[in-house]
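Here is the structure we will look at, set down as structure tokens.
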Amino acid sequence: MAGNRWRGAVAVLAAVVVMLGGASPVSAAAYPNPGRVTGDTGTHDPAVVRAPDGRYILAATGNNLSLKTSTDRIAWRNAGAVWPGGAPWTTPYTGGGRNLWAPDISYHNGQYYLYYSASTFGSQRSAIFLATSPTAASGSWTHQGLVIESSNAVNYNAIDPNLVADASGQWWLSFGSFWSGIKLIRLDPSTGRRSTSDTSVRSLASRPNAGGAVEAPFIQRRGGYYYLWVSFDRCCQGASSTYRVMVGRSTSVTGPYTDRNGTPSPRAAAPRSSPVTTRSTARGTRRCSPTAAAMCCSTTTTRTAARRSWAST
């Protein structure tokens, strides 16, 4: 996929749970912590692209979407907002608010593509939009329209987008947070918008026995495999956080994605009629089934650095 990208966390994760098929166990000490950064470093849900001139451009959750730049990935400076004049097409989903979520930035065919989310805390009334720019500078972006939306008429939540191109050059967009999990739709590479010939919403991963606690997908193609990275459980609660990064791989971008033991991620949709309770995360209130409340709603859950199959979590 053209353009190098990274999606980071605001804080250092307590543990990264790696489940690659056939991989031998490796101690957590073998994975170095992220390096120190300087300058304007406050950010949430960042995604980074390397520009053709060698600069790094970061887009992140914030009012009208925040931008930062760096020449070395260490020292960062504020670069304004994607939409300095506002994004009125998003307000039906944000309740009039300016805070837009989890952008995904990449560079293709001489321009930058930015997929981003509009929603409100705890709501399934959400949408993913596309913007493009020749420079990625504040105010240079063109609104390209709605890509996909969700409501209580469907069983998924249209936030946390990530663009990936498969080995044949076909574009796909993964997304999802709680409800029935991680989804994948086909895009038209000529427009960046949703395909009109293939409108299927494919399921990649779900956690029906854990309150649906999976979100923020990111797919990377490497060495004949597609790697699906997702976040499990509860973030942003300091030492009480249970948030962790999980990964599975597949020979096909559409899955099935398996752990190191070859166990596929559950992909069945959770019943939409299930009773729910709520939990608090960085993006507000999420839904949890009562059976998972002790795990994803409790403030006393202990962090563990366990290596477990995602079929058992």
Check the orientation of [X] and [Y]. Use parallel for under 30°, tilted for 30 to 60°, and perpendicular for over 60°.
X: W89; Y: W83; result: perpendicular
X: Y93; Y: F129; result: perpendicular
X: Y113; Y: Y115; result: parallel

Taking the side chain as C-beta and beyond, is there a heavy-atom pair between [X] and [Y] under 4.5 Å?
X: L187; Y: L130; value: no
X: P103; Y: T61; value: yes
X: I105; Y: V48; value: no
X: V230; Y: Y257; value: no
X: R125; Y: T120; value: no
X: Y226; Y: L228; value: no
X: L65; Y: L114; value: yes
X: T43; Y: W76; value: no

Residues, nucleotides or ligands: over 12 heavy atoms within 6.0 Å of R202 CZ: yes
Single-linkage hydrophobic cluster, 4.5 Å side-chain cutoff, F121 and I159 together: yes
R221 bridged to D166 by N-O distance under 4.0 Å: no
Are [X] and [Y] linked by a side-chain donor-acceptor pair shorter than 3.5 Å?
X: Q144; Y: R193; result: no
X: K183; Y: S203; result: yes
X: S126; Y: N157; result: yes
X: S195; Y: S197; result: yes

Side chain to side chain contact (heavy atoms under 4.5 Å, CB included) evaluation trace for T196 with D188: CA-CA 8 Å; T196 57; D188 182 345; 5.9 Å; no
Stepwise side chain to side chain contact (heavy atoms under 4.5 Å, CB included) check, N63 with N99: CA-CA 4 Å; N63 287 341; N99 195 255; 3.8 Å; yes
